[in-house]
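This report concerns only the one structure given below.
Fair warning: this is a prediction, and the values are worked out from it, not measured in the lab. As a basis for the values below, the full set of heavy atoms in this structure was taken, side chains included, without hydrogen atoms, waters or symmetry mates. By convention in this document, chain letters (A, B, ...) are assigned in the order of the sequence lines, proteins followed by strands, and residues within each chain are numbered from 1.
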Protein chains: 2
Amino acid sequence: MARLPVYLRALTLLIERGVATASSEDLAVAAGVNSAKLRKDLSYLGSYGTRGVGYDVEYLRYQIAREIGLTQDWPVAIVGLGNLGQALANYAGFGTRGFRVAALLDVDPDRIGRDFGGVVVRHLDELADLVDEHDISIGVVTTPGPVAQQVADRLVGSGVTSILNFAPAVITVPSGVDVRKVDLSIELQILAYHEQRKSMAGALHPGLDIDVVAQVVAP
Amino acid sequence: MARLPVYLRALTLLIERGVATASSEDLAVAAGVNSAKLRKDLSYLGSYGTRGVGYDVEYLRYQIAREIGLTQDWPVAIVGLGNLGQALANYAGFGTRGFRVAALLDVDPDRIGRDFGGVVVRHLDELADLVDEHDISIGVVTTPGPVAQQVADRLVGSGVTSILNFAPAVITVPSGVDVRKVDLSIELQILAYHEQRKSMAGALHPGLDIDVVAQVVAP
DNA sequence: CGGATTTTGTTCTCCCGTTCACAAACTCCT
DNA sequence: AGGAGTTTGTGAACGGGAGAACAAAATCCG
């Protein structure tokens, strides 16, 4: 389930606050979901709650981390050391969440050899060796859109079986390989779409703006 | 619909390739979706296709851009000039997609006054003035998790009605305000979950690894 | 010790999105 | 001009996830 990481974060937050036990309702609020949905999700992992009491926060957190596979550290390769790639390479929160930047790749001679957070940028041609050496199965693509597909092909060819794609392009991979896409422009465009709707709502009923808005904002 | 931006990108790609007309099947492949779904989505905007021919790529692209609201430029404020905030501030692809970095905010004295892509970082206290001055309705949060909520509160208080949240935290806002969340760790954890499953599939059937994998990879 | 209370785990229903499938509409070729 | 071939737009069936609701289980308190 795609919501397990959200629950994991909520649990970590509660642990930091010193909470020892929490009901599904508490967790649901912290994770921003419905409590019934949360209970159903957790029931897939097993019966880790106690009726009348709630969930042992620490224990549940371990079980979810175990389910996700975060009891081990996942080595990650980042391809494309542009603005975003550099930001990710320097991102400290990486290591605290079960991941480790094991390799940085680029083709620009100006970038090769530079050091980000203790890892040196290597040429993309060395990808296969590095994947093999560090047992990397997850690749992050932060290249320009036009080369994203061929980078993905090389990642897959080197043995990577999961790709996180930040490039503005649709990439296709063989079955058995997972791809997730994060696209800043698309997210912003979705927001813009809603923004436009908001401003149109007022324009459609001139003179009624205030009443309409008031109903929408505080129903 | 959240898929319109994807179609928009696919159409832009086809235009760059010099394609003048495309069938729903062509578009669906370029966008990575099912053709029936794409046709149904487009039918909500109106009848912009011609039976037996397909869609006029240029015309359709304009109609979708218009629907999303990209005929205007959206000024955006970025709060938090850490690694990620700096990367976004320098991101050139911003402007080409209907958005403009209108304000950069932080509270760190070392960052205030610095210039990213022609925009100077200002103190967060000036937020309301800048939002007002530039007519900003979209805010991007790239702060550490613990302060994300209060930054969001200040954004909303200043008149921002759409927030793109990169901070690893759940933020709550009044109804009428839209929030979208992008979380690197969660995406990676979802990939890790699938990775773990992949490696377990082999372990469950020792001796059959090769056959099983072969079936999964090339069915 | 037993009833009241809390909270989980699960069943059931509903609703929305996806996909199939086909008629209508348009082009092309003879 | 007319039939063959394409492709859109949409009605209908399907599937799955979301939430309400409730029984089972545990604690608390008199």
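Closest to the A:Ala36 side chain, of the nucleotides C:dC20, D:dA20, C:dT7, is D:dA20.
Rounded to a whole Å, the OH atom of A:Tyr44 is 10 Å from the P atom of C:dT10. With rounding to whole Å, A:Lys37 atom NZ is found 9 Å from D:dG19 atom C1'. C:dC22 atom P lies 14 Å from atom CZ of B:Arg39, rounded to whole Å. The nearest whole Å value for the distance from the OH atom in A:Tyr48 to the C1' atom in D:dA25 is 19 Å. The CG atom of A:Leu38 sits 13 Å away from the C1' atom of D:dG19 (whole-angstrom rounding). Summarising the geometry, the separation between CG on B:Asp56 and C1' on D:dT7 is reported as 15 Å, rounded to the nearest angstrom. In this entry the distance linking CG of B:Asp26 with P of D:dT8 reads 8 Å, nearest Å. Distance, B:Glu25 CD to D:dG9 C1': 16 Å, rounded to whole Å.
Comparing A:Asp41 and A:Thr50 against DNA chain D, the residue whose closest nucleotide sits nearer the 5' end is A:Asp41. When the nearest nucleotides of DNA chain D are assigned to A:Asn34 and A:Gly52 by heavy-atom distance, the more 5′-ward of the two goes with A:Asn34.
Side-chain contact check for B:Leu60 versus B:Tyr7: every heavy-atom pair is 4.5 Å or farther apart. A:Leu155 places none of its side-chain heavy atoms less than 4.5 Å from the side chain of A:Val173. Residues B:Thr21 and B:Thr50 form no side-chain contact, since every pair of their non-hydrogen atoms from C-beta on lies 4.5 Å or further apart. For the pair B:Ile64/B:Leu42, a side-chain contact is recorded, criterion being any heavy-atom separation below 4.5 Å from C-beta on.
For B:Ser47 and D:dG9, the shortest distance from a side-chain N or O to OP1 or OP2 is below 4.0 Å. Contact annotation: A:Tyr55 does not reach the phosphate of D:dA26 (side-chain N/O to OP1 or OP2, under 4.0 Å).
Pairs engaging residues 54-82 of chain A under the salt bridge (charged side-chain N to carboxylate O under 4.0 Å, His left out) rule: A:Glu67-B:Arg197 [sequence neighbours left out].
Scanning atom types as modelled, no donor and acceptor separated by under 3.5 angstrom connect the side chain of B:Arg51 and the base of D:dT7. With hydrogens and angles ignored, no donor-acceptor pair closer than 3.5 Å exists between the side chain of B:Lys40 and the base of C:dT18.
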